[in-house]
Trainee: 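Here's a structure for you.
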Amino acid sequence: MKIICIGHNYDNHNNEMAHERPSAPVFFTKPDTAILRNNDPFYIPSFTDECHYETELVIKINRIVKAIDERFAHRCYSEVAVGIDFTARDRQRECVASGLPWEICKAFDKSAPVPNTFIPLAELGGDINALHFALDINGKRVQEGFSGDMIFSPDRLIAYVSQFITLKMGDLIFTGTPAGVGPVKIGDRLVASLEGHTMLDFEVR
Ligand code: MG
């Protein structure tokens, strides 16, 4: 499986990062070795001094998808979750400044915590564009997102990405982070939720 991550998909995050509003979806990938499951602890990599959390709605693809029309993209998924797109922000600034790819700052081992169990979208009301999610660190709310605030909706993202890359059963789409990103430190406890359901609960070491 592979992970497709969307960047710059919320206006409030683009404002906090001084990104321009994209005219088309921005995406990159993480390999399957980026997955962190079982609420295992996240170890801050030695190559960064500024490792940021980004809390994102995650969609699990349930069939082969190639160049699908946006109208039919809803047929490609039935389960969702919340995951963290850990980012070595200092290394990302270097990549961006030099115009180089983002793998070092985004695709490293264990950079994508996801829950073992996803939730059927039907149990959450069935509307992919009406989901609230959040992250608490050490009991304090640091991020809140609403899928309806995305610049490019999940169905639009799947249609766009599948023009370039065939999606397969089990692939995950990280749909971008809202505002409120920030660094983690050793000892932090991260709890992510989706419509009130706890999705992740793990420690930083
Ligand atoms: Mg992200």
Side-chain angles (χ1 to χ4, degrees), residues 1-22 24-36 42 44-45 47-48 50-61 77 80-96 100-115 118 128 131-137 142-154 156-158 160-161 164-165 167 171-184 188 190-194 199-200 202 204:
M1 58 81 66
K2 59 186 174 290
I3 304 166
I4 307 287
C5 296
I6 307 299
H8 304 186
N9 202 26
Y10 288 84
D11 283 319
N12 60 6
H13 176 62
N14 291 338
N15 291 339
E16 75 178 347
M17 301 297 283
H19 296 143
E20 288 186 17
R21 195 175 213 259
V26 174
F27 73 92
F28 56 93
T29 67
K30 295 186 189 231
D32 58 0
T33 41
I35 291 284
L36 180 63
F42 172 75
I44 297 175
F47 53 77
T48 177
E50 191 183 357
C51 191
H52 275 202
Y53 56 83
E54 297 186 355
T55 311
E56 311 197 1
L57 178 70
V58 181
I59 298 168
K60 183 183 285 184
I61 299 296
Y77 56 84
V80 292
V82 170
I84 307 293
D85 166 22
F86 276 117
T87 303
R89 194 69 74 200
D90 46 355
R91 304 306 299 266
Q92 187 184 34
R93 279 193 289 270
E94 296 169 7
C95 294
V96 170
L100 294 173
W102 288 11
E103 271 74 3
I104 283 175
C105 65
K106 285 287 197 181
F108 56 87
D109 287 352
K110 313 294 187 192
S111 61
V114 288
F118 280 51
I128 194 81
L131 299 175
H132 297 85
F133 57 97
L135 178 69
D136 296 339
I137 299 184
V142 296
Q143 275 196 292
E144 285 181 334
F146 177 61
S147 61
D149 290 336
M150 291 181 194
I151 296 171
F152 303 107
S153 69
R156 179 100 183 267
L157 295 172
I158 290 168
Y160 183 80
V161 170
F164 304 97
I165 296 179
L167 302 174
D171 286 352
L172 301 179
I173 313 286
F174 277 61
T175 54
T177 185
V181 301
V184 291
D188 282 346
L190 275 62
V191 177
S193 60
L194 174 60
M199 294 266 85
L200 293 168
F202 66 97
V204 174

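Counting starts at 1 for both ligands and their atoms, in listed order.
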Trainee: In E54, what N, O or S atom is nearest to the Mg ion (ligand 1), if we give its atom name?
Mentor: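 Checking each N, O and S atom of E54, the shortest distance to the Mg ion (ligand 1) belongs to OE1.
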Trainee: Show, in sequence, the C-alpha distance, side-chain angles and deciding distance for I3 and V58, and conclude whether the side chain to side chain contact (heavy atoms under 4.5 Å, CB included) test is met.
Mentor: CA-CA 10 Å; I3 304 166; V58 181; over 6 Å; no
Trainee: I59 and side-chain contact (heavy atoms from CB on, under 4.5 Å): which single residue from L167, D171, L157, I128 fits?
Mentor: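 Of L167, D171, L157, I128, side-chain contact (heavy atoms from CB on, under 4.5 Å) with I59 is met by I128 alone.
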Trainee: Look only at the side chain of T55 and the backbone of A134, and say whether a donor-acceptor pair between them is shorter than 3.5 Å.
Mentor: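 Looks like no, no N/O pair under 3.5 Å.
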Trainee: So which of the N, O or S atoms of E56 lies nearest the Mg ion (ligand 1)?
Mentor: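 Output for this pair reads OE2.
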Trainee: Heavy-atom count around K2 NZ within 6.0 Å, excluding the residue itself: above 12?
Mentor: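 Atom NZ in K2 is packed in, count exceeds 12.
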Trainee: Restricting to N, O or S atoms, which atom of D85 is closest to the Mg ion (ligand 1)?
Mentor: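 Result for D85 and the Mg ion (ligand 1): OD2.
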